[in-house]
Amino acid sequence: MADEKEQLRYDPAAIEQKWQQRWAADPTLYAAEPATSNKPKYYVLEMLPYPSGQLHMGHVRNYAIGDALARQMWMRGYNVLHPMGWDAFGLPAENAALKNNTPPREWTLGNIAAMKRQFKRLGMGFDWATEVTTCLPDYYRWNQWFFLRMYEKGLAYRKKSKVNWCPECATVLANEQVIDGCCWRHEDTKVEQRDLVQWFFRITAYAQELLEGLDKLDGWPEKVRTMQRNWIGRSEGTEVDFFLEEIKQRSGTRDQGLEKQRIRVFTTRVDTIFGATSVQLAPEHPLVKAFTAEDADLKEKVDELLAQQKTAREAGDLGAIDKHGVATGRFAVNPYSGERVPIWVANYILMDYGTGAIMSVPAHDERDFEFATKYGIEIRQVIKPLEEADGSNALPFVSEDGMLVNSGEYNGLSCVQAQKKLQEVATRGQFGEEKVIFRLKDWGVSRQRYWGTPIPMIHCERDGLVAVPDDQLPVILPEKIEITQQGGSPLGRVPDFVNTTCPKCGGPARRETDTMDTFVDSSWYFYRYTDAKNAKAPFDPAIVKYWFPIDQYIGGVEHAILHLIYSRFWTKVMRDLGLVENDEPTKRLFTQGMVIKDGAKMSKSKGNVVSPDDMVARYGADSARMYSLFAAPPDRDLDWQEDGVAGVSRFLGRVWRIVTKYAPVARTASAQTVDAPAGLSLTLLRKLHKTIAKVTQDFEGRWHFNTDVAAIMELVNEMQDADAQLASGEVAAPVVRELLRTLVLLLAPFAPFLAAELWEELGEDGAILRAPWPKSDPSLAKEDEIEIPVQINGKLVTVVRVAAGADPGTMETAALVNDKVRDRIAGKTLVKVIAVPGRAVNLVVK
RNA sequence: GCGGAAGUGGUGAAAUGGCAAACACACCAGCCUUAGGAGCUGGCGCCCAAAAGGCUUGCGGGUUCAAGUCCCGCCUUCCGCACCA
């Protein structure tokens with residue numbers, strides 16, 4: 001027989017193995033009830049991981065937060081949906097295939113199996129029956145289905161666009177795979193810009209709604225909302241046409257087709273237009289092509305500008321290049337003043353923002369000022385500051401607090417008045433209009449890669465672009481494919497895939513060989529969870545209606561723009577397709593901080609990676625999880641210190657010992673509460689009920705789980721200090737019962753294995769997850785005597801004890817009779833007494 | 001440059017405008033022991049030999065009876081955006 005000391009040892013490995021098996025045997029434990037349930041629903045979701053094969057500490061933290069919340073909501077009687085899935089498409093699988101000669105599918109599914117084991121070992125309460133794996137046809141067929149719906153509505157379209165191209169990989173790279181202008185796999189290889197025909201989703205059609213919707217997302221961090229606002233980049237202004245001046249003198253003829261043309265510019269400051277002393281075109285502007293076609297010298301200079309811009313763009317540092325420009329020798333006419341201004345081409349004008357052309361107003365724009373100074377272009381002030389303080393008249397003057405001067409009939413108007421008036425005139429004269437533009441661009445979804453959703457389109461020689469009919473979905477991604485480093489879409493080299501027949505004419509045709517961006521997969525996966533097995537539709541709208549919007553979404557802030565804006569877009573498209581009723585996918589969003597070590601993000605190159613498996617093996621899953629909640633509030637970065645994990649593990653050991661030690665008392669004790677507890681029983685019950693109140697409150701709002709763990713530690717410390725009295729029976733058995741049961745219940749969201757074990761130890765045979773969350777008794781949660789700080793002139797002097805509800809007068813008296821206070825105010829005049837009930841007494845003396 | 005967040009002991013951190021440093025880690029002293037990465041007791045912001053006392057939340061001002069907390073200015077760090085017309 002093992003001796004007593006052995007028995008009194010907390011053995012997380014044994015406990016966790018036991019419960020892992022029990023939970024695996026009960027698939028209903030973490031399953032949501034059907035949408036017909038009359039319990040209130042709660043959908044808690046953590047962002048799904050990419051199946052790299054290994055969970056990292058950031059995952060442990062993310063899922064520990066979500067799991068704690070889910071468990072607490074289960075205990076509070078909610079119908080909880082807490083699903084998990086895999087963001088399983090993407091380039092790493094192809095890279096792994098190259099490196100290890102393993103097919104991407106095999107590699108990915110193997111990784112999923114490994115990570116699922118890790119999740120189970122960590123005790124995460126996911127409903128695996130609703131698991132979603134985005135690389136499987138039963139999921140990605142619905143990507144294709146949505147694509148076709150968008151195509152029908154004109155929300156999916158093709159156009160030529162610039163892409164990042166790695167000459168070494170001979171493939172397109174996503175923006176996030178371009179690091180400092182180089183390929184992420186070939187860090188000395190500069191990424192090139194190439195023009196390719198690409199598929200786009202018309203997210204810009206929803207720009208205004210995506211922007212306005214942010215105001216209503218008050219359960220989102222302000223930071224994320226701000227980032228999205230900036231990303232969408234709404235800008236109000238005016239489009240105005242400058243007329244291209246007729247050129248008659250050149251070889252006696254007119255430039256055919258040019259003289260009637262206009263140069264449309266976008267400006268937010270049309271009020272400054274009388275100060276426009278040049279028009280600037282982006283080097284790629286179509287008009288520039290027309291100019292250079294007949295001017296070899298100009299062409300050479302423009303090509304140079306293009307090259308500069310390209311280099312800068314490839315270096316990802318467009319803001320840093322010096323402003324260069326070249327005069328075209330042409331002139332444009334200001335539509336308001338009739339003034340003739342030179343047309344320049346400049347490297348700082350972006351073709352893909354606004355109209356690719358600007359009016360340059362050096363006196364009232366920093367960039368134009370810099371450019372004009374450099375090239376000696378006239379700088380003409382047309383806005384006068386309202387109040388000419390010292391130096392406020394210095395140029396460039398960019399404020400809108402001003403009045404128009406040198407602006408003909410508009411002189412004397414304020415900037416805002418002038419903008420309105422000038423817009424009216426432009427509209428009437430049909431040379432311009434009020435205009436709102438967005439920085440947001442349409443979402444390029446084509447990828448020249450293998451491991452992604454095939455785009456369900458067919459190219460027919462006769463019928464052109466033809467959509468794959470719904471009844472031919474899914475377009476299956478072929479598995480027999482050799483992954484090579486050759487350029488172009490890998491699917492293009494699979495004849496069985498490419499060659500098909502046209503759905504319209506039945507003639508020979510070719511399939512589209514591009515695949516979809518993996519952000520498509522993650523844009524709607526959380527809808528699929530609610531009805532994951534549906535073979536007829538992406539989901540049943542009635543079920544989605546029950547579960548949506550998601551009550552709480554939890555993930556890293558690195559997805560603030562991409563995933564979180566794409567999924568908002570997708571929801572709005574689905575709403576307009578009549579599939580969902582909610583405008584937004586997620587009511588509340590929580591972005592947790594990073595896990596760092598030694599002051600830096602964990603990374604292989606820094607050698608500071610901590611493996612979850614390792615932590616679990618040494619200290620158990622409960623300790624690893626609880627430490628990740630205890631070490632910092634969840635929204636802040638967390639500094640991983642292994643000694644801290646050991647500390648939590650020791651704490652759980654103390655819990656284990658004290659509960660197992662007194663479990664026999666608790667098991668046989670009456671479930672009746674003690675009517676009038678006194679002495680130590682009362683003290684302990686007070687601490688207990690204060691702790692319940694604190695933890696419960698935190699779950700409801702603040703989420704400072706670190707302080708909740710600390711509060712539970714305090715409770716255990718106090719119980720441990722009472723060890724002798726517990727042992728002697730001085731604390732009544734029903735009180736012991738309540739203390740131990742409640743302690744275990746409070747621990748259940750944070751340390752689920754230990755809580756399950758101790759719950760059983762206390763004689764319970766049902767799942768602790770189904771036990772009701774404890775309620776704090778307000779009469780027990782408050783003290784009847786409290787300590788009040790006493791200040792003299794705001795400085796702390798001492799502390800006095802008063803009854804909890806003491807009124808200011810009583811508090812004042814208690815303070816004044818205190819010896820220390822009397823000494824300090826002797827010989828002085830008491831000017832004023834501030835006594836705030838329950839808070840403090842401050843004596844103002846002279 | 002613009003926007004956001006944060007600066008508190010040796011470390012992670014705590015503190016509805018009301019006792020700064022709870023809870024832990026590390027460290028120090030001691031106890032226990034079947035030597036376990038175990039358990040228990042005590043100490044642990046700074047100044048002062050100790051006590052008494054004084055000082056202390058990045059820096060400087062302010063509001064207030066009272067400021068880590070609110071306001072203004074500055075410094076530092078991190079994050080995002082950045083020639084967006």
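Every chain is numbered from 1 and lettered A, B, ... according to where its sequence line falls, protein lines coming before strand lines.
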*Take A:Tyr619 and A:Glu370, find for each the nucleotide of RNA chain B with the closest heavy atom, and name the residue whose nucleotide sits nearer the 5' end.*
A:Tyr619
*How would you label the glycosidic angle of B:G9: syn (within 90° of 0) or anti?*
syn
_Phosphate contact (B:A85 OP1 or OP2) by A:Ser235 side-chain N/O below 4.0 Å_ = yes
*Using a 4.0 Å heavy-atom cut-off across all strands, classify A:Ile358 as base, sugar-phosphate, or nothing.*
base
*Distance, rounded to the nearest Å, where A:Ile786 contributes CD1 and B:G18 contributes P*: 14 Å
*Pair pattern of RNA chain B in dot-bracket, where unpaired bases get dots and | marks partners in another strand, Watson-Crick or G-U under 3.5 angstrom*: (((((((..(((.....[....))).(((((.......))))).(((.....)))..(((((..]....))))))))))))....
_C1'-based separation of B:U77 from B:A29 [nearest Å]_ = 38 Å
_I'd like to know whether the aromatic ring centres of A:Trp220 and A:Phe590 sit less than 6.0 Å apart in this structure._
no
_Whether A:Asp11 and A:Arg9 form a salt bridge (side-chain N of Lys/Arg under 4.0 Å from carboxylate O of Asp/Glu) is what I want to check._
no
Tabulate protein N/O versus nucleotide N/O from nucleotides 50-57 of chain B, keeping only pairs under 3.5 Å, one per line.
{"unit_1": "B:C55", "atom_1": "OP1", "unit_2": "A:Lys795", "atom_2": "NZ", "d": "3.2"}
{"unit_1": "B:C55", "atom_1": "OP2", "unit_2": "A:Lys795", "atom_2": "NZ", "d": "3.3"}

*asked:* With rounding to the closest Å, how many angstrom separate the C1' atoms on B:C78 and B:C27?
replied: 30 Å
*Whole angstrom is fine here: how far is it from CG in A:Asp635 over to P in B:A6?*
9 Å
*asked:* Please tell me whether A:Phe519 and A:Trp443 form a close aromatic pair, meaning their ring centres lie under 6.0 Å apart.
replied: no
*Within 45° of the six-membered ring axis of A:Tyr348 and under 6.0 Å from that ring's centre, is NZ or CZ of A:Lys323 located there?*
yes
*Phosphate-side-chain proximity, A:Arg439 and B:A82, N/O vs OP1/OP2 below 4.0 Å*: yes
_If I take atom CG in residue A:Leu281 and atom P in nucleotide B:A85, what distance separates them, rounded to the nearest angstrom?_
18 Å
*Whole-Å distance separating the CD atom of A:Glu366 from the C1' atom of B:A82*: 14 Å
_Lys/Arg-Asp/Glu bridge criterion (N-O < 4.0 Å) met for A:Arg262, A:Glu239_ = no
*Below 6.0 angstrom between ring centroids: does that apply to A:Phe630 and A:Phe750?*
no
*Should A:Asn706 be listed as having a side-chain N or O under 4.0 Å from OP1 or OP2 of B:A14?*
yes
*Check whether any side-chain heavy atom of A:Val790 lies under 4.5 Å from a side-chain heavy atom of A:Asn818, and answer yes or no.*
no
*Sidechain N-carboxylate O distance under 4.0 Å for A:Lys661, A:Asp723*: yes
*Base, sugar-phosphate, or nothing for A:Gln720, non-hydrogen atoms under 4.0 angstrom?*
sugar-phosphate
*Has A:Arg702 got a side-chain N or O lying under 4.0 Å from the OP1 or OP2 atom of B:A15?*
yes
*What does A:Arg225 touch in the nucleic acid at a heavy-atom separation under 4.0 angstrom: a base, only the sugar-phosphate, or nothing?*
nothing
Every protein N/O lying under 3.5 Å from an N/O of nucleotides 23-26 of chain B:
{"unit_1": "B:A24", "atom_1": "OP1", "unit_2": "A:Asn717", "atom_2": "OD1", "d": "3.4"}
{"unit_1": "B:A24", "atom_1": "OP1", "unit_2": "A:Asn717", "atom_2": "ND2", "d": "2.7"}
{"unit_1": "B:C25", "atom_1": "OP1", "unit_2": "A:Arg650", "atom_2": "NH2", "d": "2.9"}
{"unit_1": "B:A26", "atom_1": "OP2", "unit_2": "A:Arg650", "atom_2": "NH2", "d": "3.4"}

*Should the pair A:Lys694-A:Asp708 be classified as a salt bridge under the 4.0 Å nitrogen-to-oxygen rule?*
yes
_If I pick the P atom on B:G36 and the same atom on B:A49, what distance separates them, to the nearest angstrom?_
44 Å
*Assign A:Val844 to base, sugar-phosphate, or nothing according to its heavy-atom contacts below 4.0 angstrom with the strands shown.*
sugar-phosphate
*So do A:Leu684 and A:Met719 actually touch side chain to side chain, heavy atoms under 4.5 Å?*
yes
*Do A:Leu564 and A:Tyr566 come close enough that some side-chain heavy atom pair is under 4.5 Å?*
no
_So, applying side chain to side chain contact (heavy atoms under 4.5 Å, CB included) with A:Phe438, which one of A:Thr204, A:Leu210, A:Ile203, A:Ile232 is it?_
A:Ile232
*Verify the distance criterion only: is there a donor paired with an acceptor across the side chains of A:Thr238 and A:Gln423 at less than 3.5 Å?*
yes
_Separation of the P atoms in B:C28 and B:U64, to the nearest angstrom_ = 50 Å
_Whole-Å gap separating C1' (B:A38) and CG (A:Leu652)_ = 15 Å
*Atom-pair distance (NE2 on A:His285; C1' on B:A85), nearest Å*: 13 Å
*Does the distance from a Lys or Arg side-chain N to an Asp or Glu carboxylate O, for A:Glu222 and A:Arg229, drop under 4.0 Å?*
yes
*Considering only atom P, compute the distance from B:A67 to B:C59 and round it to an integer number of Å.*
16 Å
_Euclidean distance, atom CZ of residue A:Arg636 to atom C1' of B:U11 [Å, nearest integer]_ = 14 Å
*Separation of B:C79 P from A:His559 NE2 (nearest whole Å)*: 17 Å
*Looking only at atom C1', what distance separates B:C2 and B:U8, rounded to whole Å?*
29 Å
*Residue met sooner reading RNA chain B from 5', once A:Asn842 and A:Pro633 are mapped to nucleotides*: A:Pro633
*Integer angstrom distance from the C1' of B:C25 to that of B:A13*: 10 Å
*asked:* At 4.0 Å (heavy atoms only), tell me whether A:Ile788 reaches a base, stays on the sugar-phosphate, or touches nothing.
replied: nothing
